[in-house]
Amino acid sequence: DAGVTQSPTHLIKTRGQQVTLRCSPKSGHDTVSWYQQALGQGPQFIFQYYEEEERQRGNFPDRFSGHQFPNYSSELNVNALLLGDSALYLCASSSPGAGGSYNEQFFGPGTRLTVL
Amino acid sequence: AQKVTQAQTEISVVEKEDVTLDCVYETRDTTYYLFWYKQPPSGELVFLIRRNSFDEQNEISGRYSWNFQKSTSSFNFTITASQVVDSAVYFCALRPNTGNQFYFGTGTSLTVIP
């Protein structure tokens with residue numbers, strides 16, 4: 001049973017460029033969340049996708065956008081890259097729990113983005 | 001406001017010592033979920049435990065144990081007889097019942113010295 005997978009592993013871009021990161025959720029999961037983790041910090045929530053729609057968004061500018069496909073995989077797009085966008089980008093998948101509860105999120109290995 | 005505080009930035013212990021990682025949370029939700037994750041140098045966050053706000057029973061899993069106290073808004077994590085493989089960054093996280101966002105603390109870096 002494959003866990004959450006992300007691609008690419010590492011990426012180097014220059015300021016002003018655009019980047020697309022990809023995520024495939026764990027088998028049986030239909031919800032994908034994206035996080036940004038700066039060096040030495042905890043993950044910060046970017047947004048969550050469910051049923052191909054953005055369900056909730058954290059405090060990130062519109063330069064960050066996403067998409068979820070019918071097979072539940074997801075993309076994170078960042079436009080007009082800034083130096084401060086350099087971070088580890090983590091994808092997490094989950095599924096609603098029984099009785100309205102919520103299960104834990106399972107994380108992928110992340111994509112390390114460096115903006116020069 | 002939703003917030004998780006991990007006051008211990010770095011901890012070093014000698015192998016076989018016990019160590020407790022502190023986590024204090026803030027939320028106005030009456031129902032919420034608390035989590036602990038481990039992040040080894042490889043970067044992938046590994047799920048350790050989930051605790052619901054309505055279940056204050058402490059839990060033990062092998063060398064790991066968790067102490068949840070609503071009265072002090074704390075969810076502390078203890079590793080008994082630490083091992084070198086326990087060296088990692090540990091994150092505490094809060095998921096309020098309203099919304100779908102996880103709020104993470106800043107993490108505690110644990111180094112177990114052989």
Side-chain angles (χ1 to χ4, degrees), chain A residues 2-6 8-11 23 26 29-51 53-60 68 87-113, chain B residues 1-10 21-25 27 29-55 59 61 66 75 88-110:
Chain A
V4 179
T5 59
Q6 293 186 244
T9 305
H10 295 87
L11 206 51
C23 170
K26 182 178 171 64
H29 287 184
D30 56 10
T31 303
V32 173
S33 302
W34 286 93
Y35 292 82
Q36 180 194 67
Q37 185 179 16
L39 198 61
Q41 299 297 314
Q44 298 292 314
F45 177 77
I46 302 175
F47 42 53
Q48 184 181 83
Y49 276 83
Y50 173 68
E51 292 187 341
E53 291 192 358
E54 183 181 292
R55 184 157 69 171
Q56 187 171 353
R57 189 180 184 89
N59 189 27
F60 279 79
Q68 185 179 35
L88 179 67
Y89 287 84
L90 295 164
C91 170
S93 72
S94 59
S95 61
S101 66
Y102 290 85
N103 293 324
E104 59 275 12
Q105 294 187 343
F106 288 85
F107 284 81
T111 294
R112 174 73 63 186
L113 173 64
Chain B
Q2 321 286 358
K3 186 179 180 181
V4 174
T5 301
Q6 295 180 256
Q8 304 153 308
T9 304
E10 296 181 2
L21 309 182
D22 298 333
C23 172
V24 175
Y25 62 91
T27 180
D29 286 42
T30 54
T31 299
Y32 50 89
Y33 306 86
L34 298 166
F35 302 80
W36 275 94
Y37 283 87
K38 174 182 180 180
Q39 188 174 43
S42 62
E44 184 170 344
L45 283 163
V46 178
F47 165 76
L48 296 177
I49 191 172
R50 177 189 68 169
R51 176 60 66 212
N52 306 329
S53 58
F54 44 85
D55 180 5
E59 183 159 336
S61 176
W66 291 269
F75 185 41
V89 180
Y90 290 85
F91 290 96
C92 179
L94 164 71
R95 187 204 176 283
N97 199 39
T98 52
N100 306 290
Q101 180 173 347
F102 275 50
Y103 296 83
F104 283 84
T106 52
T108 297
S109 178
L110 173 65

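Throughout, protein chains are lettered first and strands after them, A, B, ... in sequence-line order, and every chain is numbered starting at 1.
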Is A:Q6 atom CD crowded by more than 12 heavy atoms from other residues, nucleotides or ligands, each under 6.0 Å away?
yes
Do other residues, nucleotides or ligands put more than 12 heavy atoms under 6.0 Å from the CG atom of A:N59?
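Not more than 12 within 6.0 Å, no.
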B:F47, part contacting chain A, at a heavy-atom distance under 4.5 Å:
side chain
Counting only non-hydrogen atoms closer than 4.5 Å, does B:Q6 touch chain A with its backbone (N, CA, C, O), its side chain (CB onward), both, or neither?
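The answer is neither part of B:Q6.
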Point-to-point distance, once rounded to the nearest 0.5 Å, from [atom1] of [X] to [atom2] of [Y]:
{"X": "B:Y103", "Y": "A:Q44", "atom1": "OH", "atom2": "CD", "value": "10.0 Å"}
{"X": "B:F102", "Y": "A:F107", "atom1": "CZ", "atom2": "CZ", "value": "7.0 Å"}
{"X": "A:Q105", "Y": "B:R95", "atom1": "CD", "atom2": "CZ", "value": "8.0 Å"}

Taking side chain to side chain contact (heavy atoms under 4.5 Å, CB included) as the test, write out the residues that go with B:T31, two or more places apart.
B:Y33, B:S53, B:F54, B:N97
Identify the heavy atoms of B:F91 and A:G42 that sit nearest to each other, and give their distance.
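That would be CE2-CA, 3.4 Å.
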Indicate the atoms forming the closest heavy-atom contact of A:L90 with B:G43, along with that distance.
CD2-O, 4.1 Å
With a 4.5 angstrom heavy-atom cut-off, is it the side chain or the backbone of A:Q41 that approaches chain B, or both, or neither?
both
Select one option (side chain, backbone, both, neither) describing which atoms of A:Y35 are under 4.5 Å from chain B's heavy atoms.
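Side chain only.
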What residues form a salt bridge (charged side-chain N to carboxylate O under 4.0 Å, His left out) with A:R57, not counting sequence neighbours?
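With sequence neighbours excluded, A:R57 shows a salt bridge (charged side-chain N to carboxylate O under 4.0 Å, His left out) to A:E54, given in chain and number order.
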